[in-house]
Amino acid sequence: RFVFRMFVMTKTKKTLAKPNVKNIVLVDGVRTPFLLSGTSYSDLMPHDLGRGALQGLLNRTGVPKEIVDHIIYGIVIQEVKTSNVAREAALGAGFSDKTPAHTVTMACISSNQAMTSAVGLIAAGQCDVVVAGGVEFMSDVPIRHSRKMRKTMLSLNKAKTLGQRLSLLGSIRMGHLMPELPAVAEFSTAESMGHSADRLAAAFGVTRVEQDEYALRSHRLAKKAQDEGLLSDIISFQVPGKNIISADNGIRPTSMEQMGKLKPAFVKPHGTVTAANSSFLTDGASAVLIMSEEKALALGYKPKAYLRDFVYVSQDPKDQLLLGPTYATPKVLEKSGLTMEDIDVFEFHEAFAGQIVANLKAMDSDWFAQNCMGRKSKVGVPPMEKFNTWGGSLSLGHPFAATGCRLVTTVAHRLQKEGGQYGVVAACAAGGQVFLPKYTYAQLARADTEYSRGATVQVFLVHSFGLFSVHVLCMKMTMCKSVQKHF
Amino acid sequence: MAGVRAVGILSRFATSKYSRLSGHGHRSLSMSSSLLARTYANYEIKDGVAVIRINDPNSKVNTLSKPLQAEMTEILEEIWGNSAVKGAVLISSKPGSFIAGADLNMIQACKSAEEVTTLSQEGQKMFDKIEKSPIPIVAAINGSCLGGGLEFAIACQYRLATKSKKTVLGTPEVMLGLLPGAGGTQRLPKMLGIPAAFDMMLTGRNIRPDKAKKMGLVHQLVDPLGPGLKSPEEATIQYLETVAIEAAKNLANKKLSVKKEKGLVQKLQDMVMGLPFVRKQIYNMVTKKVMGQTKGLYPAPLKIIECVQTGIEKGTTAGSLAESVNFGNLAMTSESLALRGLYHGQVACKKNNFGSPARDVKNLAVLGAGLMGAGIAQVTFDKSVRTILKDTTVEGLTRGQQQVYKGLNDKTKKKAITSFQRDTTMSFLTGQLDYRGFDQADMVIEAVFEDLNVKHKVIKEVEAVIPPHCIFATNTSALPIKEIAAASKRPEKVIGMHYFSPVDKMQLLEIITTDKTSKDTTASAVAVGLKQGKIIIVVGDGPGFYTTRCLAAMLAEAVRVLQEGVGPKKLDALTKGLGFPVGGAALADEVGIDVAAHVAEDLGKALGSRFGGGNVEVLKTMVQKGYKGRKSGKGCYVYEKKSKDKKVNPGVEEILKAYQLKPAPSVSGDEDVQYRLLSRFVNESVLCLQEGILPDPVQGDIGAVFGLGFPPCLGGPFRFVDSFGADKLVQKMHRYEEVYGNQFSPCQLLLDHAKDSNKRFHK
C-alpha cells in the first residue's frame with residue numbers, strides 16, 4: 001500500500017528557500033566508528049576521537065583549512081582538562097590556529113545544537129564555512145573527590161603556615177575519601193532515564209516483545225547496511241600505537257529468545273526495558289561541513305543536502321522526557337508547509353526501543369494529540385519502510401554528543417541512495433536544566449542532490465530536548481556488560 | 001505533646017480530592033456472562049486470574065461496609081469454586097483510594113459493645129478465609145489503604161503498591177479511639193516484628209510506599225505513569241492491574257515466592273524476640289511510654305498492647321477474641337466518640353460552604369515578615385500561588401525569608417522533595433520592601449504589629465496600590481475586624497484571617513467576617529485557607545472572636561491559680577492532666593506574655609468583669625521585666641538552648657508573691673482547679689454559640705481542639721458538655737460562683753441544657 005502511495009505521490013518541486021535568507025547546505029559528513037565503551041578506544045581522551053573525525057572530514061572534503069570560519073563541537077560529559085574540546089580537537093586535527101572554535105552542550109542533541117548554531121552563523125552572515133560535530137567518550141568519566149575533600153584541598157592551597165596545613169590535613173576523615181560518581185538520576189526529577197523510559201513504555205502500553213522486536217529490527221537493519229557498505233560516513237580511525245578501527249562494534253543481531261532471557265535493567269521485577277532494548281554506552285565522534293550554498297558552489301562542491309529548518313520543543317521532564325519527537329515533528333512540518341506523506345526519509349534517535357515505540361504510539365493517538373498536544377487529531381505515524389532503515393542508536397551506538405551529525409549525514413545519504421526528496425531527523429534529549437518548559441528542537445534541513453541527480457531533496461531535522469545524559473552512566477555501564485554477556 | 005501529635009496525625013486522613021473518575025473505564029469492559037452485576041465489587045477473569053474491582057458508587061472513597069463485605073464474600077466463594085481460576089487480584093477502580101477504612105457509620109449505628117464485637121468477628125472470619133485461600137490473592141494498592149483496608153490487604157498473600165503520592169498505608173484506628181479490629185493486632189506483629197507493629201498501631205501514622213516496602217508491609221512497588229494513551233490516573237490503575245495479574249500468575253505457578261530470605265539483623269531480632277523475658281520488657285516499656293504520653297486519658301493504645309500481647313503469648317485464637325471484645329468496648333467509650341466526632345468535624349471544616357469564589361487567588365501578598373507573616377507565606381507559595389513577602393526592614397525580611405527557606409529545606413533533607421523542587425518552589429516567592437507588584441495581587445494578608453493605628457495606616461497604604469477586586473485580609477488575634485475595616489474604603493473586601501503559630505504546624509484557620517464582609521470575599525478566604533491545607537472555622541466578629549476569647553477566659557483563671565500559690569509546674573501538670581497538650585503556663589509563654597497581657601486587657605475592657613480573675617498587672621509586670629515568654633528567653637520558665645528540663649523563672653515567682661492571693665480551700669483542690677480552668681473555657685464557648693459568634697457546635701469543637709489544644713479525648717467544649725452532663729457542670733460552676741462571682745456564672749444556653757437533659761449539642 002505504501003509503495004503505491006510512493007508512485008502516486010507527485011513530487012512537487014516545492015522550494016523551501018526563504019526570502020532574504022541564504023540557502024545553507026551540508027557538504028559532507030563523517031564519523032569515527034562507534035565502539036562500545038571500554039573497548040578499543042578505552043585509553044584515549046575525548047579530543048583524540050574529535051581529532052579523528054575532524055581530520056577525516058578534512059581528508060574527505062579536501063576543504064582548504066584557511067577558509068573555515070568557525071568550528072563548533074558538542075560534548076555531554078566534559079573532560080575537565082579539555083573543557084573547550086572543540087579547540088583542542090581542531091588544533092590537533094590540523095585546522096588553522098586562526099579559526100575560532102567553541103563547545104556546546106545540550107545533552108543528547110549537543111551536535112544538533114552545534115549544527116543549528118552553524119546554520120545561525122551562516123544565516124546571520126557571520127560565516128560562510130562552518131565545521132560542526134560532536135564527541136562522546138564514555139570509557140572514562142570524571143569521578144571527583146567528595147565535596148568535603150575538595151573544600152579541604154582548596155583551603156590547603158590557601159593555608160599560609162605549616163600549622164594551618166597540618167590542622168587542615170588532620171580534619172580529613174574517612175568519609176572525605178568517598179569518591180563522587182556521576183549521578184545516576186536526572187537532576188530535576190531524581191529519576192534515571194531508563195526508569196523514565198520504562199514508565200513511558202508502560203504508559204503507552206508498549207510490551208516487552210514489541211520493544212525486543214524493535215531492537216532486533218534495529219540490529220538487523222544495521223547489520224544489513226554495514227554488510228552492504230551503506231555506512232559510508234565512517235572514516236577509519238587509527239588508535240595511536242595500535243590497530244586501525246573501521247567498523248562499529250555494537251551491532252549484534254541475535255534472536256528474540258535470547259533477548260527474552262534478559263532481566264529488566266531499571267524497573268524490577270516487572271519492567272520491560274532491558275540492556276538489549278536500550279542503547280549502550282558508546283565512544284565516538286562525528287563532524288559535518290556546512291556552507292552557504294553560493295560558497296559551496298563557488299568552491300566547486302556538490303552539496304549533499306540543504307539544511308532548511310529546525311524546531312526545538314520542550315516538555316515536562318518527568319512524564320514526557322522522551323516524547324520530544326512526537327511534539328516536534330508536526331511542528332517543523334507545519335512550519336514548512338509539508339505533511340507526513342511528503343517525507344521520504346525518517347531518522348529518529350533511538351534512545352530506547354520502548355521510547356521509539358511509545359513515540360510511534362503517541363503519534364498514532366488522537367487522545368494524546370487532543371489531551372497533551374492541543375491538536376485536533378493525531379500526528380500520524382511515519383511508515384516503517386522509511387524509518388531508520390540503516391539501523392539506529394540502539395544498534396550503531398549512541399555517543400551522546402556525536403549522534404546528531406550521524407543522523408543528518410545518514411538522512412542525506414539515504415535520500416541520495418533511495419532517491420527521496422525530504423527527510424526528517426528527530427531526537428530526544430534530557431532536560432536537566434529547566435523544569436516545565438524545556439526546549440525541543442527540530443531542525444529542518446533540505447538535502448539537495450540537485451548537483452548529482454537533478455532532484456531537490458530536503459531534510460528536516462527534528463530534535464527534541466529530553467536526555468540521555470550523564471546521569472545514566474553507572475546504570476548503563478552495567479548494561480553494557482550484560483549486553484556483552486548475552487550476545 | 002502527644003495530644004497535639006495525635007491530632008496532627010488525625011488531620012492526615014482527611015479526605016483528599018479524590019478524582020471524580022470513579023466508575024471510569026472498567027464499567028464498559030464486557031464482563032463475561034458468568035458474572036452478576038454487583039454494586040460495590042465486580043470481577044472478571046483474565047488469563048486465569050480473577051480481577052476483583054472495588055468501586056463504591058456512592059462515595060469518593062471505598063469503605064469496608066456491610067454490603068461490600070457481603071458482595072466480596074459471594075465473589076470469593078464463586079472464585080474458589082471455579083477451578084479455572086488460578087489466582088486473584090484485588091484492586092480499586094478509584095484512582096485515590098484502595099479501601100480507606102471501615103465504614104464508621106456502621107460502627108456508629110451499633111447500640112451495644114456486643115454488636116460492634118460481632119462486626120469485628122465477621123471481619124476477622126472473612127480475612128481468615130482470605131489468608132487461607134487455596135489460590136494466591138494479590139492486593140494491588142493505589143491510593144489510601146487504611147484501617148480495615150490495610151487489614152484486608154495484609155490478609156492477602158501478596159501486596160503491590162503504587163508509588164503515587166496518594167498511596168498511603170496505615171492503621172489510624174488509634175486516632176479514633178479504636179484498635180485494628182479485623183485481625184490487624186494479630187497479623188501485623190507477625191509480619192513486621194513486634195516493635196514495628198507497635199509503632200504503626202500506636203501512632204496510627206501514615207506510611208508511604210517506599211517505607212512500606214522497606215518494612216515488609218508490601219512486596220513490590222509500581223511507579224505511577226504519566227499521560228499516554230489515557231489519563232495518568234487510568235493508565236496507572238491499568239498498569240498496576242497488569243503487573244498484579246502477572247504476579248498472581250507467577251505465584252500460582254511458583255515462579256514467584258513470597259518467602260524472603262531473612263537478613264542477619266532480622267534473624268537476630270527474631271531470636272531476641274523469641275525470649276519471653278525480652279518480650280515482657282517490651283510490653284512494659286511500651287505501656288510506660290504510652291502512659292507517659294497519654295496520661296492514661298486514652299484507653300485505645302493500652303488495649304492494642306493487650307491484644308498484641310494476648311495473641312503472641314496465648315495464641316491467635318485468644319488474641320482474636322481479645323481483639324474483637326476490646327474493639328466492641330472501645331467503640332462505646334466517650335473517648336472514641338469524641339475522637340470520631342473530631343474526625344467528622346474536621347472533614348466538615350475542610351469544605352467551602354460559601355461556594356466557589358468569583359476569582360481564584362493566584363497572586364497573594366503578605367505584609368510583615370515576622371513569625372506569622374513568614375509562616376503564612378510558607379504555607380502559600382508552595383501551592384503554586386505567587387507570593388510576595390513584604391516587610392519594612394531588610395533585617396526583618398531576611399529573617400522571614402530564611403524561615404521560609406528553612407521550612408522547605410527541611411523537607412528536602414527529609415527527602416520529601418528534591419533540591420530541584422525546592423528551588424523551583426522558591427521561585428514562587430518574592431521578598432521585597434516596597435509595594436511593587438501589588439497591582440497584580442488578588443489578596444493581601446497583613447500580619448503587621450497588633451496595633452489599631454498601625455493596621456489603619458497599612459490598610460490605607462495598601463488600598464492605594466491594589467486593584468479593585470483584591471481582598472484585604474487581616475491577621476489579628478484580638479482586634480475586632482470592624483474596627484480595622486473602619487479605615488477601609490471598601491469594607492466588603494475586608495476579612496479577618498486568624499492564623500495560629502507556628503503557621504506551618506497548626507492546622508486551624510479562624511476566619512472572621514463582619515456584617516459588611518461580602519459572601520464572595522468569605523468564599524475566597526476559605527478557598528485560600530483550604531489551599532493552604534487548613535481546617536477552617538468561620539466565625540462572627542467581636543472582641544477576641546471565638547478562640548482568643550475562650551483562651552483568654554481560661555488564662556485569666558490560670559493567672560489567678562498562679563497567684564493563689566500553685567506554681568507554674570503544678571499548673572502545667574494539672575492542665576496536662578486534663579488532656580491539654582501544653583500546660584497553661586507553658587502555653588502563655590508560647591503565645592507570648594505581652595500578647596496575653598494585651599489581649600487580657602482589651603477583652604477585660606470590652607467584656608467586663610467576666611474576664612477578671614487573675615490580675616492583669618501580673619502579666620504587665622512580667623512584660624516590663626522583659627519576661628515575654630519563649631521568644632525573649634524568659635517567661636514563666638527560663639528557656640535555655642539544649643536544656644531539656646525547663647526551670648521556673650525565679651523572677652516570676654517574686655512577682656507572683658507580690659500579687660499573692662489567698663486560696664479558698666473549698667475550691668482549691670486539684671480537681672477543682674482543673675474544673676475551674678475547664679469550665680471558664682467551656683462556658684465562654686457556649687456563650688459564643690449563644691451570641692451567634694459561632695455558627696454551630698461542630699466548628700466550636702474543631703476550633704478549640706485544633707487551635708487551642710483543647711483535650712482531644714474530650715472532643716471539644718460542646719462534646720464535653722454533652723458527655724459530662726450540662727447539669728453536673730452547672731452545679732460545679734455554681735459552687736465556684738459563690739466564691740469568685742460572675743466569672744463562673746453559667747450562660748443561659750448552658751443553663752437551658754442543664755435543665756433539659758434531652759438537649760444536646762451533638763445529635
Discussion item. For Ala202(A) versus Tyr239(B), what's the shortest heavy-atom pair and its separation?
Written reply: CB-CE1, 3.4 Å
Fill in: Flag side-chain contact, heavy atom, 4.5 Å: Asn371(A) against Pro227(B)
no
Item to complete: Report yes if some heavy atom in the side chain of Leu229(B) is under 4.5 Å from a heavy atom in the side chain of Phe204(A); otherwise report no.
Response: yes
Discussion item. Checking Asp223(B) against Val267(A) for the side-chain contact (heavy atoms from CB on, under 4.5 Å) test, could you report, in this order, the C-alpha distance in whole Å, the side-chain angles of both residues, the deciding distance, and whether it holds?
Written reply: CA-CA 9 Å; Asp223(B) 285 290; Val267(A) 175; 4.1 Å; yes
Fill in: Heavy atoms of other groups near Lys383(B) NZ, more than 12 under 6.0 Å
yes
Practice prompt. State whether the side chain of Arg199(A) and the backbone N or O of Pro224(B) hold a donor-acceptor pair below 3.5 Å, judged by distance alone.
Written response: yes
Worksheet item: Is the NZ atom of Lys148(A) crowded by more than 12 outside heavy atoms at less than 6.0 Å?
Response: no
Worksheet item: What part of Leu256(B) gets closer than 4.5 Å to chain A, counting heavy atoms only: side chain, backbone, both or neither?
Response: neither
Practice prompt. Sort out for me which of Lys361(A), His270(A), His195(A) touches chain B most, counting heavy-atom pairs under 4.5 Å.
Written response: His270(A)
Practice prompt. Count the heavy atoms belonging to other residues, nucleotides or ligands that lie under 6.0 Å from CE of Met178(A), then report whether that count exceeds 12.
Written response: no
Worksheet item: Side chain, backbone, both or neither: which part of Gln220(B) has a non-hydrogen atom closer than 4.5 Å to chain A?
Response: side chain
Discussion item. Counting neighbours of NE2 on His145(A) that are heavy atoms of other residues, nucleotides or ligands and sit closer than 6.0 Å, is the number greater than 12?
Written reply: no
Fill in: Part of Thr236(B) lying under 4.5 Å from any heavy atom of chain A
neither
Worksheet, complete the sentence: Rounded to the nearest 0.5 angstrom, the CZ-NZ distance for Phe368(A) and Lys230(B) is 15.5 Å
